[in-house]
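Scope of the values below: all heavy atoms of this structure, side chains included, with no hydrogens, waters or symmetry mates. To find a chain, count down the sequence lines: A is the first, B the second, and so on, and within it residues start at 1.
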Amino acid sequence: MAKRIDVSGLNAYYGTHKAIEDISMTVEPRSVTAFIGPSGCGKSTFLRTLNRMHEVTPGGRVEGKVMLDDENLYGSGVDPVAVRRTVGMVFQRPNPFPTMSIYENVVAGVRLNGGRYRKSELDGIVEKSLKGANLWNEVKDRLNKPGAGLSGGQQQRLCIARAIAVEPQVLLMDEPCSALDPISTLAIEDLIGELKERFTIVIVTHNMQQAARVSDRTAFFNLAGVGQPGKLIEIDDTERIFSNPSVQATEDYISGRFG
Amino acid sequence: MEITSATPPGPPPPRKTSRAGDRIFLGLSRGSGILLLVIMAAIAVFLTVRATSALSKNEGDFFTTFEWAANSTPPKFGIAVLAFGTVVSSLIAMLIAVPVAIGIALFISHYAPRKLAAPLSYVIDLLAAVPSIVYGLWGALFLVPHLGGLYTWLNDYFGWTGIFAYQGGAARSLFTIGILLAIMILPIVTSVSREVFLQAPKMHEEAALALGATRWEVIRMSVLPFGRSGVISASMLGLGRALGETMAVATVLSPSFTIGKSLLDPGGGTFAQNIASSFKESGEIGKDALIASGLVLFVLTLLVNGAARLIIARRKEYTA
């Protein structure tokens with residue numbers, strides 16, 4: 001179910017501005033990889049190239065290769081819609097569909113592209129996904145209530161349930177806890193630990209302790225200056241990045257000397 | 001129980017100061033609010049008083065009489081034909097205009113490249129700037145002579161329903177009025193809908209995209225639910241305009257006090273058209289009778305607006 005991501009020579013642009021330059025890395029299946037780095041270093045942009053969401057932004061453009069096992073996501077004839085079904089995404093701010101109930105939110109992705117299911121199948125998907133997102137016990141009695149009525153942390157777990165309901169290979173998380181309180185953050189972090197049994201997880205975070213807590217591998221991004229493209233400085237085992245990084249800039253960043 | 005005087009200890013509360021600017025602004029805004037109420041009340045009282053005087057002299061039933069002879073003695077007039085014509089022509093206009101307007105608004109807000117979207121919305125807004133008498137002239141001189149083909153086609157395929165039967169003759173019917181009104185309300189419905197669709201939150205569109213939604217599915221999941229109440233109010237604005245449209249209808253319609261079985265039958269009338277057409281030749285009672293019909297239009301428009309507000313309020317709980 002989980003696939004390996006292999007990126008080589010990736011550049012991304014906003015119009016004429018080059019946002020990230022020449023990124024190559026490998027993300028192992030069934031692991032958590034964290035992206036850290038100062039604001040504007042392109043880590044979110046890079047994350048969004050992994051499910052072809054970057055090109056949705058006006059002027060957004062990508063060069064290079066992203067291999068998901070042996071399929072190039074940017075190959076000719078690859079449908080971005082199909083890519084996004086394989087590579088799920090969770091956003092910074094919880095974004096359940098406000099007009100839909102909790103139940104409908106979870107099956108929103110399943111029902112797309114003309115997907116027709118029997119009620120019993122959908123019920124099964126909803127229960128499995130909500131259990132997978134550690135939300136089932138809190139909402140099982142009010143599945144038909146609006147998803148927007150939940151607390152922020154619950155909404156974010158609802159979004160995770162919605163993302164895993166379509167059984168993706170990879171789960172991308174763009175600062176999933178930055179709008180949440182510490183208790184909800186802890187709940188999401190525990191959940192990430194469980195989800196990596198089934199999915200390849202990539203998480204962007206501003207919180208270095210979080211990266212240290214949840215990830216197996218950590219990638220540090222940096223940019224030379226304002227207006228310069230962001231670059232991958234190094235990627236290594238999380239323990240090594242936080243104890244003995246091989247690049248001086250990484251050590252400066254994680255020890256709080258800048259950023 | 002002992003009652004103590006309520007003078008709390010401690011320093012006296014800061015003295016209330018009043019500033020000249022605040023007082024002037026308060027006076028102005030309160031005055032405008034009161035003025036609005038006074039004007040509304042004055043209109044309502046005027047309409048009611050004059051209408052009552054005409055209604056007391058009416059020999060026919062005001063709601064069911066199929067004629068308008070307010071100037072003969074005794075006066076006999078009824079609004080059945082006018083109410084039917086007004087409601088039916090406006091409904092036809094809504095049925096045509098709202099889907100088209102939603103389509104244009106979605107195209108401008110979500111499909112068209114930016115270079116095309118801006119001029120296109122400008123052209124749509126320009127349609128709203130055309131005076132209604134010009135629409136009337138265009139309708140009478142262009143639309144009416146060119147609709148024969150459409151009428152024949154409708155008769156061939158839908159004539160069996162009765163409402164699309166066509167006996168030949170000039171296309172000066174409620175259906176033509178509906179088409180004309182549709183064009184006239186298109187800009188307002190389009191531009192309000194477009195503004196609402198543009199405000200659809202990006203984060204919900206991205207949520208749908210990231211689940212693997214196609215462009216249409218993104219619109220269906222995130223844009224349309226968000227825009228629903230806005231589209232309803234846009235439609236009601238359009239309906240309000242269609243109900244009260246005067247000059248264009250008066251120019252195109254050949255009025256008659258009959259209700260045809262078919263929408264394509266010539267004749268019929270609307271409140272506003274009847275007032276415009278009959279006002280000049282009316283005597284004292286005739287004018288009061290027209291005012292009575294105007295009062296009905298006033299109430300009808302109020303009801304439409306009230307219904308729109310109800311629908312929007314009911315949807316509120318879902319728009320977070």
Salt bridge E217(B)-R215(B), side-chain N to carboxylate O under 4.0 Å: no
Lys/Arg-Asp/Glu bridge criterion (N-O < 4.0 Å) met for R157(A), E138(A):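 The answer is yes: the pair qualifies as a salt bridge.
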Please classify the contact between [X] and chain B as side chain, backbone, both or neither, with a heavy-atom cut-off of under 4.5 Å.
| X | answer |
| --- | --- |
| A108(A) | both |
| R162(A) | both |
| P80(A) | neither |
| V56(A) | side chain |
| V87(A) | backbone |

Distance-only side-chain donor-acceptor flag, T205(A) / E175(A), under 3.5 Å: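 Side-chain D/A pair, T205(A) to E175(A): absent.
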Test item: side-chain donor near acceptor, T49(A) and Y74(A), under 3.5 Å: no
Aromatic ring proximity H54(A)/F46(A), centre distance under 6.0 Å: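 No, ring centres 6.0 Å or more apart.
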Contact leader toward chain B among V90(A), V166(A), N95(A), where contacts are heavy-atom pairs under 4.5 Å: N95(A)
Between M89(A), R93(A), M53(A), R52(A), the one whose heavy-atom pairs under 4.5 Å with chain B are most numerous: M53(A)
Residue selection (most heavy-atom pairs with chain A, distance under 4.5 Å) from K202(B), R114(B), E206(B):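 When all of K202(B), R114(B), E206(B) are compared, E206(B) has the most.
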Whether K43(A) side chain and G37(A) backbone form a donor-acceptor pair below 3.5 Å: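 Flag set: sc K43(A) to bb G37(A) pair under 3.5 Å.
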